Amino acid sequence: MLKMSTLFLRTLRDDPADAEVASHRLLVRAGYVRRIAAGIYSWLPLGYITLRNIERVIREEMDAAGFQEVHFPALLPREAYETTNRWTEYGPDLFRLQDRRGADYLLGPTHEEMFTLMVKGEYSSYKDLPLSLYQIQTKYRDETRPRSGIIRGREFVMKDSYSFDLTDEGLAISYKKHRDAYIKTFDRLGMKYNIVSAMSGAMGGSQSEEFLAPCPTGEDTYVLCESCGFAANVEAMRTGASAVDANNTPAMQVVETPNTPTIETLVAVLNERYGSGFTGSDTLKNVLLVADGKNISVLVPGDREVDLKRLQANLPGVQDVRLFDDSDFTKNPQLVKGYVGPQAAQEFGLVLYADPTVATGSAWVTGANKVGQHALNVVSGRDFHVDGYVEAAEIRQGDACPECASPVVIDRAIEIGHIFQLGRKYAQALDLTVLDSDGKPRVVTMGSYGIGVSRAVAAIAEQNHDELGLSWPMEIAPAKVHIVATGKEDKPFDVALDLGLALEKAGVSVMLDDRRDASPGVKFKDAELIGVPIIVVVGKGLIEGKVEIRIRRTGERSEVLFENALGTILNHM
RNA sequence: CGGGGCGUAGCGCAGCUUGGUAGCGCACCAGGCUGGGGGUCUGGUUGUCGCAGGUUCAAAUCCUGUCGCCCCGACCA
C-alpha cells in the first residue's frame, strides 16, 4: 500500500517553467519525474510504478503472442555497428564513448545488429524458424533537439522486437502477429490510436505501419479519412488526378505578364489582362531544388507549397534535398527566378518531376522562362514531358482520400509504435543464414517492431488529463484506488486503513492518504493531480456510516454505506 | 545548424537599467488556531546569484569568454 505519509513524493503547486506540454507539466507537478538534463529524466516512485505497469502489459501481450524476451547491454562495442555501416551512417545522433584503452563504444540507439548476431550465433536451421525475440531496453539517441519532456528524450525506454523468417510469406505472418499483439497492448493501455501506413524508408521493406496516438501536441502529422478509415502518415499519403483529354485545349500561348514573380501577382495580372476566373490552382509552380547535388524541378499546382519531407521520403535513395538559393540561380542563368516553366526543363539540365496532381493532359499557366512572360495552355505530355512523378505537394485538410475520394482530415499525433518489414538488409550485412530443407543456405528475412514505453507514459498522460491533473486508465495507474482520510479523530484513519487492507486482499492496488497534518483541500487537490481512477473519501460521512466514492475521470460522486464500500468499489473496476 | 528567450533557495519569480550587507510567494521546520477544497497566525531554516576571468575600494548588477537550459524552425522516428 502506498501511504502518502511516507511516500517519497512532493507535489508542486506551480507549473515548472521549462514544461510546455501537458504531460510534461503534470508529470513533474505530480511528482512522477524530475529532469536531470535535456531529454534525460529520473523516475520517482509514482512514475516508476506507472512505467512498470506499462512494461507489464507489454510483456504479457508479447509473451502471450509467443515472443521471447531477451536483454542486451545498452553499452555496445563499435564492431557490430561497423559491419552494417551504422557507426558512420547514424551520424551525430549516436552517443559514442571510449573505454580506458581508447576503444570505441556506443550507447545503443536501437539493436537490430545485436538481435541479428544473437540469432546467428545460436540458430542455423530453417526448422528453428519462425522466431520472434523482444527486449525492453533503455535506448540512447543524441537528438538535435530533445523536447516535450518525456515525449522525445535522449534516453528513453523502448520495447523492440524482431522477427526472423525464412520466407516473405512467413514474414507477413509474423508481421500480422505483431500487429495483433500491438492492438491488444494499446487497447489495454487505454490509448486512443490510429494505425497509419508509413514509409518504410529507402532501405526496402514492403510494409510499414505506425501506431499514432492523436493529440494536439504530437509531432507527427497524419491524414485520416473519417468515412472509410483510411489513415496515412503525410509522407505516405497518395494523391493523384486522372489523365485529361487535351485535344480541345488551344495551343500554348506566351503572354506578357510584367512584374509577376509570385503566384499571387501572376493571378492578379492574368485576371486583369487575359480574362477573369484565374486562381492559384490554375497555375503551375516550378520549384527548383538541389537533390544530392543534382538540379531538379518539381511541379506542383500554384496554390500549393512543396512539402520537403514528403518529397524526400518519396525520392528513394536521395540523402539531401534543399531549395535553390541565390547562388544556384547565379550559376544557372538560364533559369529565370519567378518565371521558370517546364517546357525546356531537360534542355536546362533539370530532372523534371511532377506531383501526381499534375496529370497528363492537364493545362496550366506557367513561366515562359523569360522575365515578365508566362505561357497559357501549357499541357502536360504535349508541351512538356516529365521524367517522373513524385508525391511532393503539401497535403491539406479536405484533400481527396485515395481510397474513397471523401475529404480527409489532418491531425497531429504522437508515434507510440512502429512495425515494419525490414527484409533482409541486416541479415545480409551480418550474414545471417539458415540451411533450408534442400541443404542450401538462405538469408533470413526480418521484421522490426517498436513501442516507445516511456513515451507511452507521456502519450497516455496527454490523452488522459484535465485542468485538475492526470487521470490514468485503470491498468496503468500507480494505484487503482486512492483513499483519502480526513478529520482529526483517529476513526477515519483507522477505517481508511481497514478498507485499504480489504481492497489489497481483493487484489486491488491502493494509495492511502494518511497524512495527519495536511488539510482536506490539499489531499483532494493532490489526489486529483496524481490521477488515480477511483478516489474514496473517508471523513465526515462516517457519522452516518458512509464513505464517498469519486470517479476521477467523470467527477461522479456517490455515498455508500461503509459495509457496501468494498463491493461498490470492486464494481467500478 | 538558423531565429528568440532564460540561468538568483527544492519549485515559481523579483532585484540588474543607475554597482554598496540577496528578496518575495510556495514548499520545508517549531508552535497555536482551523479541519470537506491547495485555510490561518507567530517564529524560523534554506543561496558558490550557472562557471571562469576582468574592471572597481566594492559586482547578482558593468565587460569578456564559456557552459547549460527552454521555445520556434531545420533534423530525427
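Because the structure is predicted, anything quoted here is derived from the model rather than measured. Chain letters run A, B, ... following the sequence lines, proteins first, then strands; residues in each count from 1.
Across all strands shown, the partner of G7(B) is C67(B), judged by Watson-Crick or G-U wobble contacts whose two distances both fall under 3.5 Å. Nucleotide C28(B) has G44(B) as its partner under the Watson-Crick or G-U criteria, with both atom distances under 3.5 Å. Nucleotide A58(B): unpaired (no Watson-Crick or G-U wobble partner with both distances less than 3.5 Å). Across all strands shown, G73(B) is found opposite C1(B) as a Watson-Crick or G-U wobble partner, with both distances under 3.5 Å.
Look at CD1 on Ile151(A): it is 15 Å from C1' on C71(B), rounded to the nearest Å. At whole-Å resolution of the value, CZ in Arg147(A) and C1' in A74(B) are 9 Å apart. Atom CZ of Arg322(A) and atom C1' of G2(B) are 16 Å apart (whole Å). Atom CG of Leu26(A) and atom C1' of C11(B) are 15 Å apart (whole Å). Whole-Å rounding puts the Arg310(A) CZ to A74(B) C1' distance at 19 Å. In this structure, Glu143(A) atom CD and C1(B) atom P are separated by 16 Å, rounded to whole Å. Asp513(A) has its CG atom 19 Å from the P atom of G35(B), to the nearest Å. Computed from coordinates, the Lys525(A) NZ to G39(B) P distance equals 10 Å when rounded to whole Å.
Remark on RNA chain B: of its neighbouring residues Pro146(A) and Thr11(A), the 5'-side contact belongs to Thr11(A), judged by nearest-heavy-atom nucleotide. Along RNA chain B, the nucleotide nearest to Leu468(A) and the one nearest to Leu12(A) differ in position, and the one closer to the 5' end is contacted by Leu12(A).
Distances from the side chain of Asp18(A) to the nucleotides C70(B), C13(B), C11(B) place C70(B) closest. Candidate nucleotides C69(B), G36(B), C71(B) were compared by shortest atom distance to the side chain of Pro520(A), and G36(B) ranks first. Proximity note for Thr144(A) (side chain, C-beta onward) versus G38(B), G36(B), C1(B): the nearest is C1(B). Taking every side-chain heavy atom of Asp220(A) into account, A77(B) is the closest of G37(B), G73(B), A77(B). In this structure, of G73(B), A77(B), C69(B), it is C69(B) that holds the atom nearest to the side chain of Arg35(A). The Asp14(A) side chain lies nearest to G25(B) when the options are G25(B), C72(B), G37(B). Side chain of Lys540(A), nearest nucleotide from A74(B), C26(B), G36(B): G36(B). Closest contact between the side chain of Val522(A) and the listed nucleotides G25(B), G38(B), G37(B) involves G38(B).
For the pair Lys488(A) and G35(B), the criterion of a side-chain N or O lying under 4.0 Å from OP1 or OP2 is met. Contact annotation: Arg145(A) does not reach the phosphate of C70(B) (side-chain N/O to OP1 or OP2, under 4.0 Å). Residue Arg10(A) places none of its side-chain N or O atoms closer than 4.0 Å to OP1 or OP2 of C11(B).
Between His418(A) and Phe420(A), the two ring planes are tilted [angle within 30° to 60°]. Between Tyr162(A) and Phe115(A), the ring planes lie tilted relative to each other; the angle falls in the 30° to 60° range. Relative orientation of the Tyr193(A) and Phe186(A) rings is tilted, given thresholds of 30° and 60° on the angle between their planes.
A 4.5 Å side-chain heavy-atom check between Ile483(A) and Leu503(A) finds at least one atom pair inside the cut-off. Here the side chains of Glu548(A) and Val536(A) are not in contact, with every heavy-atom distance at 4.5 Å or above. When side chains are defined from C-beta on, Ser197(A) does not count as touching Asn233(A), because their heavy atoms never get closer than 4.5 Å.
No engagement by Gly452(A) is indicated, since no non-hydrogen atom pair under 4.0 Å with the nucleic acid exists. Among the protein residues, Asp15(A) comes within range of the sugar-phosphate backbone only, with heavy atoms under 4.0 Å from sugar or phosphate atoms but none that close to a base. Nucleic acid contact class of Arg34(A) (heavy atoms, under 4.0 Å, all strands): none. When heavy atoms are screened at a 4.0 angstrom cut-off, Arg557(A) is found touching base atoms of the nucleic acid. Heavy atoms of Ser448(A) sit nowhere under 4.0 angstrom from any nucleic acid atom. Among the atoms of the strands shown, none is found under 4.0 Å from any heavy atom of Glu210(A). Within the nucleic acid shown, Val537(A) comes within 4.0 Å of at least one base atom, counting heavy atoms only. Among the atoms of the strands shown, none is found under 4.0 Å from any heavy atom of Lys139(A). Residue Ala518(A) is in base contact, counting any heavy-atom pair closer than 4.0 Å across all strands shown. Base contact: Arg550(A) has a heavy atom under 4.0 Å from a base atom.
For G2(B) and U61(B), the C1' atoms lie 31 Å apart once the distance is rounded to whole Å. Remark: the separation of the C1' atoms in G23(B) and A14(B) is 7 Å, to the nearest Å. Atom name C1', nucleotides U46(B) and A9(B): the rounded distance is 6 Å, in whole Å. Atom name C1', nucleotides A30(B) and C24(B): the rounded distance is 22 Å, in whole Å. The separation of G47(B) from C28(B), taken at their C1' atoms, amounts to 15 Å, rounded to a whole angstrom. The separation of G43(B) from G4(B), taken at their P atoms, amounts to 48 Å, rounded to a whole angstrom. A distance of about 25 Å separates the P atoms of G25(B) and C51(B), rounded to the whole Å. Distance check on atom P: U56(B) versus C70(B) gives 38 Å, rounded to whole Å.
Closest of all the heavy-atom pairs between Arg516(A) and Glu489(A) is NH2-O, 3.4 Å.
A donor-acceptor contact under 3.5 Å is formed by the side chain of Asp526(A) with the base of G38(B). Judged by distance alone, with hydrogens and angles left aside, Arg13(A) brings no side-chain donor or acceptor close enough to the base of G37(B) to form a pair under 3.5 Å. In this model, a side-chain donor or acceptor of Arg29(A) finds a partner on the base of G38(B) within 3.5 Å.
Judged by distance alone, with hydrogens and angles left aside, the side-chain atoms of Arg96(A) form a donor-acceptor pair with the main-chain N or O of Trp87(A) at under 3.5 Å.
Residue Leu512(A) forms a side-chain contact (heavy atoms from CB on, under 4.5 Å) with just one option from Leu7(A), Leu2(A), Leu497(A), Val484(A), and that option is Leu497(A).
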